[in-house]
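Here is the structure we will look at.
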Protein chains: 2
Amino acid sequence: MAITTRERRNPVDKHDARRRALAESALRTLGELGYAKFSLREMANHSEFTHGVVHYYFADKLDLIVYCVQHYKATCITRYDSVIDESFAAEELLRAFVDKLGETIEDEAPMHRLWYDLRSQSMFEPGLADAVSHIDESLAEMVWRVMARYGELAGAQLVVGKPEAYAILDGIFQQALLGHQRDPQGDHLVQLKRQVMLLVPLMTMGLQSGLATEGGSADTPPF
Amino acid sequence: MAITTRERRNPVDKHDARRRALAESALRTLGELGYAKFSLREMANHSEFTHGVVHYYFADKLDLIVYCVQHYKATCITRYDSVIDESFAAEELLRAFVDKLGETIEDEAPMHRLWYDLRSQSMFEPGLADAVSHIDESLAEMVWRVMARYGELAGAQLVVGKPEAYAILDGIFQQALLGHQRDPQGDHLVQLKRQVMLLVPLMTMGLQSGLATEGGSADTPPF
DNA sequence: AGAAAATCTTGACACTCGCCAAGCTTCAAT
DNA sequence: ATTGAAGCTTGGCGAGTGTCAAGATTTTCT
């Protein structure tokens, strides 16, 4: 009965690693097909798994998807922390932030459209509500870290709170994603960057007239 | 062969009226179940129609849903025009606007969550993209009419353009709807009103310090 | 009234779905 | 090497899906 920690932990680590692998495969298919057209067999066809193995690791389809949502959270919640840590001036932070925004919309569009899909689904499928709500809260906190750091570096107070800042930037981001999906040739990414560089200063006090001082390519009037 | 205009127009009117009736029934079921769980038979069970009649009036399921989206547009595009026409001062317009926002979130939550669902679906189902895009554009114009009128009444210029104003208010509205669905007992409606009354002046020049002058119950600090 | 056209119902078709049980394979421990 | 558990595959069940054809019903026109 001498069970070392290694002997005990390894099986459950294997188990969890397998769950993660399943979840990552499911996330790929979900990002491709969306919640409505997602099926376990379709996921199996697009991966190395067989359609039956899911029920060995998850109670049912919804359990898998909820786990996917929670796993997705871990990968995206700290996405902008590097731009916070590596920026030491307000304009530098803002520029790094909008660049990262543009990158993620280009590189991970399927994951982002899936996120908006799942968030909408959570209004019809109560089983998703909790997991989605937690991610939304984490995203709001991530946005708030950027905004707080920006205010700190700019030496100005924020005139909006955490929910407002998140809702605003999320709305802007969502429109950019919709436009990018509808017409990938369009200039939605530069519009997104311009809009964020307009709105972030607007959400801080005393910087409303500082827009024109940034120069560069983002000084076109918004209308 | 004497075909009067009444004889000729009536049949196609009947046809279109029937299509509209089908669409309204489908919209009710869609608002209840969401796009993913919507089925023609489920719609038939919740209405006076039989599941087969749909294919007499629509090519297929997607054709029906696209028609639903377009029909939905007509009912919601002019929703805020009355508050524009009947308000003759900036604060009055703003108050009427936020009141209407709260009303629609209370009275037509199923339709609004359906809208966000369908907009997300349009990123996976290209057949929905055009119809959804047109509605989004119309909603942006509706928001812009309110904003333009507000700026006019306040005697101030807007510091954001049409896409920004719409994205911002849409993001705020969406968060309020999500919160209201997750927890109907919460105070998301008063938060929504407070947020909009903060942000609309913020989107106009020279009104940043005018927030405290409104008094009433919306003067709590945003953070 | 009778013919013709429009409208609707019904039932079946081919298909996909989540789920599960029975059996097979792999692996670890004695 | 043998045994037992863990992991996985396979096939199938029942339910549900969109679609459509055939026929019944209603409406419209001469």
Side-chain angles (χ1 to χ4, degrees), chain A residues 1-26 29-30 32-68 121 124-125 127-128, chain B residues 1-26 29-30 32-68 121 124-125 127-128:
Chain A
M1 281 299 189
I3 299 177
T4 70
T5 60
R6 191 179 176 279
E7 278 165 334
R8 167 179 283 142
R9 200 183 53 226
N10 244 353
V12 334
D13 279 1
K14 271 250 169 187
H15 195 79
D16 263 29
R18 209 86 179 105
R19 278 169 69 96
R20 273 194 299 273
L22 261 314
E24 271 157 30
S25 218
T29 308
L30 276 166
E32 200 81 27
L33 304 178
Y35 180 90
K37 295 181 181 173
F38 173 80
S39 77
L40 299 178
R41 285 178 163 88
E42 201 67 30
M43 165 197 165
N45 292 343
H46 290 55
S47 74
E48 51 182 347
F49 304 104
T50 54
H51 71 273
V53 76
V54 173
H55 296 281
Y56 185 79
Y57 289 97
F58 296 95
D60 57 3
K61 184 187 173 186
L62 190 62
D63 187 29
L64 166 66
I65 294 180
V66 169
Y67 187 88
C68 285
Q121 288 307 319
F124 297 97
E125 180 60 64
L128 287 173
Chain B
M1 282 297 189
I3 300 178
T4 69
T5 61
R6 191 178 178 281
E7 279 166 335
R8 168 178 281 141
R9 201 183 52 226
N10 245 354
V12 334
D13 279 2
K14 270 248 171 189
H15 195 81
D16 264 29
R18 209 85 179 106
R19 278 169 70 96
R20 274 195 298 274
L22 261 313
E24 271 158 30
S25 217
T29 308
L30 276 167
E32 199 81 25
L33 303 179
Y35 180 90
K37 296 181 181 173
F38 173 81
S39 77
L40 299 178
R41 284 178 163 86
E42 201 67 30
M43 165 197 163
N45 292 342
H46 290 56
S47 73
E48 52 181 347
F49 304 104
T50 55
H51 71 274
V53 77
V54 173
H55 292 93
Y56 185 79
Y57 290 96
F58 297 95
D60 56 3
K61 184 186 172 185
L62 190 62
D63 187 29
L64 166 66
I65 294 180
V66 169
Y67 187 88
C68 284
Q121 288 307 318
F124 296 97
E125 179 60 65
L128 287 173

Going 5' to 3' through nucleotides 9-17 of chain D and flagging B where a protein heavy-atom sits under 4.0 Å of the base, S where only the sugar-phosphate is that close, and - otherwise, we get BBBB----B
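As a whole-Å value, the separation of A:Phe58 CZ from C:dG18 C1' is 15 Å. The separation between B:Leu64 atom CG and D:dC20 atom P is 15 Å, rounded to whole Å. Atom CZ in B:Arg18 sits roughly 10 Å away from atom P in C:dT7 (whole-Å rounding). In this entry the distance linking NE2 of A:His15 with P of C:dT26 reads 21 Å, nearest Å. When rounded to the nearest whole Å, the span between CG of B:Asp16 and C1' of C:dT7 equals 15 Å. Per the geometry, NZ belonging to B:Lys14 stands 13 Å off C1' belonging to C:dC8, to the nearest Å. When rounded to the nearest whole Å, the span between CG of B:Asp13 and C1' of C:dA6 equals 16 Å. Rounded to an integer number of Å, the gap from CG of B:Asn45 to P of C:dT10 is 12 Å.
Pairs of residues two or more places apart, or lying in two chains, never qualify as salt bridge (charged side-chain N to carboxylate O under 4.0 Å, His left out) while including a residue from residues 55-66 of chain A.
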Walk me through whether B:Glu42 and B:Lys37 qualify under salt bridge (Lys or Arg N to Asp or Glu O under 4.0 Å). CA-CA 9 Å; B:Glu42 201 67 30; B:Lys37 296 181 181 173; over 6 Å; no
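When heavy atoms are screened at a 4.0 angstrom cut-off, B:Tyr57 is found touching the sugar-phosphate backbone but no base atom.
Looking at heavy atoms from C-beta onward, B:Glu32 lies out of side-chain contact with B:Phe38 at the 4.5 angstrom threshold.
Between B:His55 and D:dT19 there is a side-chain N or O to OP1 or OP2 distance below 4.0 Å.
Residue-environment remark: CD (A:Glu125) exceeds the threshold of 12 foreign heavy atoms within 6.0 Å.
Here the closest heavy-atom approach between residue A:Ala36 and residue B:Gln121 is recorded as CB-OE1, 4.0 Å. The two atoms that bring A:His55 and A:Leu40 nearest to each other are NE2-CD1, 3.6 Å, heavy atoms only.
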